[in-house]
Enquirer: 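Attaching a single structure in structure tokens format; questions to follow.
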Amino acid sequence: MTLVPVFDGHNDALGRLWCAEGDPVARFARDEGHINVPQMAAGGFRGGFFALYSPEKRAPFDFSAFSVADLEIPLPPMLEEGAALTAAIGQAGIAHKLAAAGHLNICTTADAVRSGLTEGPPVCLLHLEGADCIGPDLLALDTLYALGLRSLGIVWSRPTIFGHGVPFRHNHDGDTGPGLTADGKRLVARCLELGMVIDTSHLTMKGFWDVAEAGAPLVATHSNACAISNNARNLTDMQLRAIGASGGMVGLNFATVFLSDAGWKSGQAGIDDCLRQLDHMVEVTGETCVGLGSDFDGAPLPEGISGAGDLPDLIAAMKRYGFDAPLIDRLCHGNWLSFLDRNLAAPT
Ligand code: ZN
């Protein structure tokens with residue numbers, strides 16, 4: 001069987017490896033977590049955005065924190081810049097070790113991503129999930145860019161000096177707080193100068209519109225639709241339409257808690273919920289601006305998907321649902337690649 005190649009908008013494999021400590025290359029080579037060498041090969045996972053994420057403490061991720069029923073998880077406080085930098089640099093180091101071992105191919109241009117989709121190790125596009133490690137002088141951004149960083153999320157679900165994240169709150173859209181700060185607007189301008197992707201997942205709705213005002217294509221690498229699951233981490237139809245109008249991208253987040261209302265309450269969801277979300281996002285955003293943004297290694301997964309190796313089951317379900325082959329190709333990799341062709345620019 002020929003696997004449909006997948007290029008995915010978000011995973012936390014580097015954070016998982018950094019938190020687990022030990023030899024990251026050996027861990028990545030064995031079947032542990034959602035993304036690893038055998039799972040990628042089994043699932044046709046040919047690359048994606050690999051996040052550098054700074055947790056509050058260096059300990060294995062605990063997805064049970066999402067079992068909150070109707071409660072919300074409030075925003076944690078701002079992270080200390082130095083601690084966040086240690087995490088980001090450490091995880092970038094892991095990515096480079098994995099590349100040296102032949103397990104990943106760190107790509108910094110759209111052409112390299114496109115050719116890497118079909119040959120060599122899976123593509124790693126380095127992404128910073130929350131600019132906690134960058135100070136107002138923005139110098140750390142240039143350092144991370146030199147290490148291969150090509151995508152930046154202004155915030156995770158906590159404040160930074162640049163903007164405000166949304167809490168994990170259900171029955172509420174992303175209008176939970178202020179927009180970008182003056183430093184945040186400078187950060188966005190610098191990312192645009194560098195030809196980087198600017199990610200609005202986790203950002204407040206006001207922040208989202210500030211990014212739009214800066215003229216950036218609107219991207220939410222791993223967010224779903226509020227119309228199906230009204231959660232602050234998801235996007236209203238107005239936001240989804242704006243993503244489509246800007247030639248941006250939204251990536252389907254597989255996290256059970258963001259897929260459906262029932263998923264938020266129970267932590268359980270199924271592949272059907274993924275399809276309902278995709279169907280709505282394609283309808284509202286447009287066929288060319290939707291992709292996958294699994295959140296592998298960063299979130300609890302729906303029944304039937306235990307890791308990247310099960311992607312063919314999701315794709316088979318898309319076929320049964322009635323998505324035709326060209327649309328499936330676009331959702332699984334084509335739209336992300338076209339977006340990168342248009343937006344991953346050489347620095348000006
Ligand atoms: Zn995230």
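Predicted, not measured: the structure shown is a model, and the values here were computed from it. Residue numbers count from 1 along this sequence. Order of listing sets the numbers, starting from 1, for every ligand and every atom in it.
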Enquirer: Determine whether more than 12 heavy atoms belonging to other residues, nucleotides or ligands lie under 6.0 Å from atom CE of Met78.
Expert: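 Atom CE in Met78 is crowded, with more than 12 foreign heavy atoms closer than 6.0 Å.
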
Enquirer: Which protein atoms of type N, O or S are found under 2.8 Å from the Zn ion (ligand 1)?
Expert: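 The answer, once waters are left aside, is Glu129 OE2, His202 NE2, His222 NE2.
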
Enquirer: Name all residues meeting the side chain to side chain contact (heavy atoms under 4.5 Å, CB included) criterion together with Val282; count only those two or more places apart in sequence or in a different chain, and write none if there are none.
Expert: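 Per chain and number, Val282 pairs via side chain to side chain contact (heavy atoms under 4.5 Å, CB included) with Glu287, Val290, Leu331.
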
Enquirer: Whether Arg16 and Glu32 form a salt bridge (side-chain N of Lys/Arg under 4.0 Å from carboxylate O of Asp/Glu) is what I want to check.
Expert: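 Between Arg16 and Glu32 there is a salt bridge, with a charged N closer than 4.0 Å to a carboxylate O.
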
Enquirer: So, Asp199 versus Thr221: side-chain donor-acceptor pair below 3.5 Å or not?
Expert: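 Side chains of Asp199 and Thr221: pair found under 3.5 Å.
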
Enquirer: Hey, what do you get for CG (Leu259) to CD (Gln277), rounding to the nearest 0.5 Å?
Expert: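 Taking CG in Leu259 and CD in Gln277, the distance rounds to 6.0 Å.
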
Enquirer: So that I know where these two stand, are Phe28 and Trp18 an aromatic pair - ring centroids less than 6.0 Å apart?
Expert: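 No: the rings miss the under 6.0 Å criterion.
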
